[in-house]
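Only one structure is covered here, and it is reproduced in the block below.
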Amino acid sequence: MVTATQTAISAQNVDFYYGDFQALKNISLDMQARKTTAFIGPSGCGKSTFLKLLNRMQDMVPGARLAGRILLDGTDMYAPEADPVAIRRRVGMVFQKPNPFPKSIYDNICYGPRLIGIRKAADLDIIVEKALRAAALWDEVKDSLDKSAMALSGGQQQRVCIARALALEPEVILMDEPTSALDPIATSKVEDWIQEAAGNLTIIMVTHNMQQAARVSDFTAFFFLGELIEYGPTDDLFTSPRKKQTENYITGRFG
Ligand SMILES: Nc1ncnc2c1ncn2[C@@H]1O[C@H](COP(=O)(O)OP(=O)(O)O)[C@@H](O)[C@H]1O
Ligand SMILES: [Mg+2]
């Protein structure tokens with residue numbers, strides 16, 4: 001049977017500890033495929049911690065411990081036989097501060113594809129154009145692909161990072177406050193990209209900007225002190241929150 005919505009990543013009873021400190025408490029959340037989900041909540045409530053668990057970015061954190069399950073398309077991504085490199089290929093990540101490599105725009109985008117053995121220039125050319133178009137950057141840089149990515153504006157650098165993540169054709173993109181280091185014009189370009197990608201790609205993003213969550217996401221999850229307080233369609237959560245804590249937060253009473 002074909003269903004209208006499908007779960008891309010399912011978190012089930014997730015607890016997460018940094019040493020003795022419990023940063024996440026019994027989080028269960030199904031994130032829908034080909035939709036945009038936003039995580040909101042005050043600083044320190046565990047948004048980044050949770051996001052990074054979704055592609056095993058915290059495997060190396062000393063003293064960290066996870067309980068519960070996180071399924072990627074139905075398969076436990078923390079099972080002993082799961083391959084973290086393969087998972088990170090399927091679940092790409094874009095960070096808060098644009099972090100292009102000190103290389104040309106072209107070489108930034110090719111970095112991942114080359115790592116997995118794609119070498120032919122003709123193939124790489126196609127990947128670069130496709131990824132830059134998908135990240136809404138192609139028209140701005142198509143005549144300067146040899147230019148250093150470091151010479152671009154902040155908004156362009158962040159879109160290089162998005163294109164770099166897209167070059168491996170991930171199923172899911174995680175973004176941690178992707179526009180917080182950007183000016184308003186650059187922010188709106190990244191938001192435009194998110195809206196254009198909607199329907200094709202699963203996007204899961206942290207934002208401390210509630211207007212941004214309201215503008216670009218289909219679903220919103222509100223976190224507070226390591227707990228998931230409320231989750232639902234973005235319009236519902238912002239117009240008729242079910243929990244008092246959510247209402248207090250979205251009306252600006254704290255945070
Ligand atoms: N590597 C770490 N080691 C110990 N504690 C951490 C680490 N990273 C985050 N924390 C703590 O976990 C809590 C959640 O942090 P974080 O996920 O970064 O919150 P948010 O992204 O919502 O601001 C905070 O109390 C923070 O201090
Ligand atoms: Mg954070």
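Whatever order the structure lists them in is the order used to number ligands and atoms, beginning at 1. Predicted model only: the values in this text are computed from it and were never measured.
No hydrogens or angles considered: nothing links the side chains of Ser10 and Thr7 as a donor-acceptor pair under 3.5 Å.
The shortest contact between atom 19 (O) of ligand 1 and any protein heavy atom is with Gly46 N, 3.2 Å. The nearest protein atom to atom 24 (C) of ligand 1, hydrogens excluded, is given as Gly44 O, 3.6 Å; this is a heavy-atom distance. When hydrogens are left out, the protein atom nearest atom 3 (N) of ligand 1 is Tyr18 CD2, 3.5 Å; that is the closest non-hydrogen contact. Here the heavy atom of the protein found nearest to atom 16 (P) of ligand 1 is Thr49 OG1, 3.6 Å. Here the heavy atom of the protein found nearest to atom 18 (O) of ligand 1 is Ser48 CB, 3.9 Å.
Among the backbone and side-chain atoms of Ser43, no N/O/S atom is found under 2.8 Å from the Mg ion (ligand 2).
Proximity of Gly41 to ligand 1 is not established, as no heavy-atom distance is less than 4.0 Å.
Between Lys97 and Glu177, no side-chain nitrogen of the basic residue sits less than 4.0 Å from a carboxylate oxygen of the acidic one, so the salt-bridge criterion is not met.
Under 4.0 angstrom from ligand 1, there are no non-hydrogen atoms of Phe50.
Residue Phe21 has at least one heavy-atom neighbour below 4.0 Å for each of these atoms of ligand 1: 11 (C), 12 (O), 13 (C), 25 (O).
Note that Arg164 lies in the cation-pi zone of Phe101, set by a 6.0 Å cut-off to the ring centre and a 45° limit from the axis.
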